[in-house]
Amino acid sequence: MDEELSNVLGNEDLDSNAKAEAIKKLIGANYVPTEKYSNDVSSVKKENKTLKDTLKTKDTEIEGYKNSQLTEDEKLQKALENAKEAERKATIKENQYTVKEILGEIILDKEDLDIVVKNITKEDLELTKKEAQQLAEIMKKQKEATEAKIREELINDTPKPTGGEQDKPMTKEAFLKLGYNEQVKYKIENPEGYKQLFN
């Protein structure tokens with residue numbers, strides 16, 4: 001196929017239309033115009049939607065038929081099960097609000113909060129509250145430790161302030177008030193300053 005296409009494209013005796021027709025013949029049944037392809041895809045999508053709608057309707061009809069065949073006791077049992085499930089969902093939703101209240105001040109990002117709330121919320125309110133409070137305590141401790149570490153790093157990286165007494169030039173009176181060891185230290189560390197004091 002590649003060789004035939006190369007021959008068609010390389011044939012200088014053929015104009016553009018002739019080349020296009022030759023390529024169509026080579027491709028044959030595999031050639032689908034863009035418009036036809038788009039229409040076919042659109043038709044398939046419509047058919048899929050119709051099938052899904054039909055299946056949904058049939059499922060509803062089947063469920064209705066099953067329910068119509070139930071005895072009164074079975075209908076009562078099913079209604080009871082539905083009520084229990086609705087109550088369970090309502091309880092979980094209520095418990096999620098409690099978890100949000102506990103963690104809302106710690107987890108500020110709404111999406112992160114929603115993920116955590118969904119993952120730790122249980123049907124049992126006390127268990128849910130306990131887990132939420134434990135998580136809150138862990139996160140608070142972690143936050144405090146991180147803040148303390150950052151403060152310590154900032155303090156360590158901050159240069160010591162200059163100015164004050166140590167930056168004043170030494171006077172003869174101040175030098176004489178120093179102890180012997182401090183005088184020797186000053187003389188060694190500041191030989192020029194020492195000369196100025198006694199010259």
Side-chain angles (χ1 to χ4, degrees), residues 1-9 14-143 146:
M1 177 102 172
D2 289 346
E3 190 178 330
E4 287 98 348
L5 278 173
S6 295
N7 290 338
V8 169
L9 294 172
L14 299 175
D15 64 1
S16 298
N17 290 335
K19 285 181 182 180
E21 286 303 316
I23 290 170
K24 281 182 190 176
K25 284 179 186 172
L26 277 175
I27 295 171
N30 293 328
Y31 175 74
V32 179
T34 305
E35 188 178 343
K36 183 175 181 343
Y37 175 79
S38 297
N39 290 340
D40 288 349
V41 168
S42 180
S43 296
V44 168
K45 284 181 178 177
K46 284 179 187 172
E47 286 173 15
N48 280 345
K49 187 182 181 316
T50 305
L51 279 172
K52 283 180 182 176
D53 291 344
T54 303
L55 284 172
K56 194 174 182 182
T57 304
K58 293 295 177 194
D59 286 345
T60 305
E61 289 173 3
I62 289 167
E63 191 62 31
Y65 176 75
K66 284 180 182 176
N67 288 338
S68 70
Q69 299 302 308
L70 296 175
T71 65
E72 289 304 314
D73 285 345
E74 289 171 333
K75 286 179 184 176
L76 188 61
Q77 181 64 31
K78 187 163 186 169
L80 187 62
E81 287 170 7
N82 289 343
K84 281 183 181 177
E85 180 60 18
E87 183 183 4
R88 187 185 76 77
K89 286 180 180 175
T91 301
I92 288 174
K93 201 76 167 165
E94 197 174 307
N95 292 351
Q96 286 178 341
Y97 288 118
T98 304
V99 173
K100 277 188 179 181
E101 286 176 8
I102 295 169
L103 297 175
E105 290 178 19
I106 300 164
I107 304 173
L108 302 178
D109 184 86
K110 189 181 181 314
E111 288 179 14
D112 290 345
L113 179 61
D114 288 343
I115 291 167
V116 171
V117 166
K118 284 178 185 172
N119 284 326
I120 70 167
T121 303
K122 312 261 184 310
E123 215 172 323
D124 182 339
L125 178 60
E126 291 309 311
L127 179 62
T128 298
K129 279 169 71 173
K130 183 180 176 185
E131 286 188 14
Q133 287 164 345
Q134 286 174 342
L135 181 60
E137 287 302 313
I138 290 168
M139 292 178 79
K140 280 179 189 173
K141 285 178 186 172
Q142 186 66 40
K143 182 181 175 188
T146 302

Quick check: are there more than 12 heavy atoms from other residues, nucleotides or ligands sitting under 6.0 Å from CD of E85? yes

Spacing of K49 atom NZ and T54 atom OG1 [to the nearest 0.5 Å]: 10.0 Å

Which of these passes side chain to side chain contact (heavy atoms under 4.5 Å, CB included) with T91: R88, K89, E87? E87

Side chain to side chain contact (heavy atoms under 4.5 Å, CB included) for K93 and Q96? Distances and angles first, verdict last. CA-CA 5 Å; K93 201 76 167 165; Q96 286 178 341; 3.7 Å; yes

Apply side chain to side chain contact (heavy atoms under 4.5 Å, CB included) to residues V99 and N95 and explain how you reach the verdict. CA-CA 6 Å; V99 173; N95 292 351; 5.5 Å; no

Inter-residue atom distance T50.OG1 - E47.CD, 0.5 Å rounding: 7.5 Å

Side chains of E81 and Q77 in contact at under 4.5 Å (non-hydrogen atoms): yes

I'd like to know whether NZ of K75 has more than 12 heavy-atom contacts from other residues, nucleotides or ligands below 6.0 angstrom. yes

All pairs passing salt bridge (Lys or Arg N to Asp or Glu O under 4.0 Å) where residues 98-107 contributes a residue, at least two apart: K100-D114

NZ-NZ distance between K141 and K143, expressed to the nearest 0.5 angstrom: 15.5 Å

Let me confirm one number: the CG-CD distance from N39 to E35, rounded to the nearest 0.5 Å. 5.5 Å

Separation between CD1 (I92) and CD (E94), nearest 0.5 Å, reads 11.5 Å

Point-to-point distance, once rounded to the nearest 0.5 Å, from CG of L103 to OG1 of T98: 11.0 Å

Could you pull out every donor-acceptor pair under 3.5 Å between side chains of residues 117-129 and any protein atom, sequence neighbours left out?
from: N119; atom 1: ND2; to: I115; atom 2: O; distance (Å): 3.1
from: T121; atom 1: OG1; to: V117; atom 2: O; distance (Å): 2.5
from: K122; atom 1: NZ; to: I120; atom 2: O; distance (Å): 3.4
from: K122; atom 1: NZ; to: E131; atom 2: OE1; distance (Å): 3.2
from: D124; atom 1: OD1; to: E126; atom 2: N; distance (Å): 3.0
from: D124; atom 1: OD1; to: L127; atom 2: N; distance (Å): 3.3
from: T128; atom 1: OG1; to: K122; atom 2: N; distance (Å): 2.9
from: T128; atom 1: OG1; to: K122; atom 2: O; distance (Å): 3.2
from: T128; atom 1: OG1; to: D124; atom 2: O; distance (Å): 2.9

What one should report as the nearest heavy-atom pair of I106 and A136 is CD1-CB, 3.4 Å

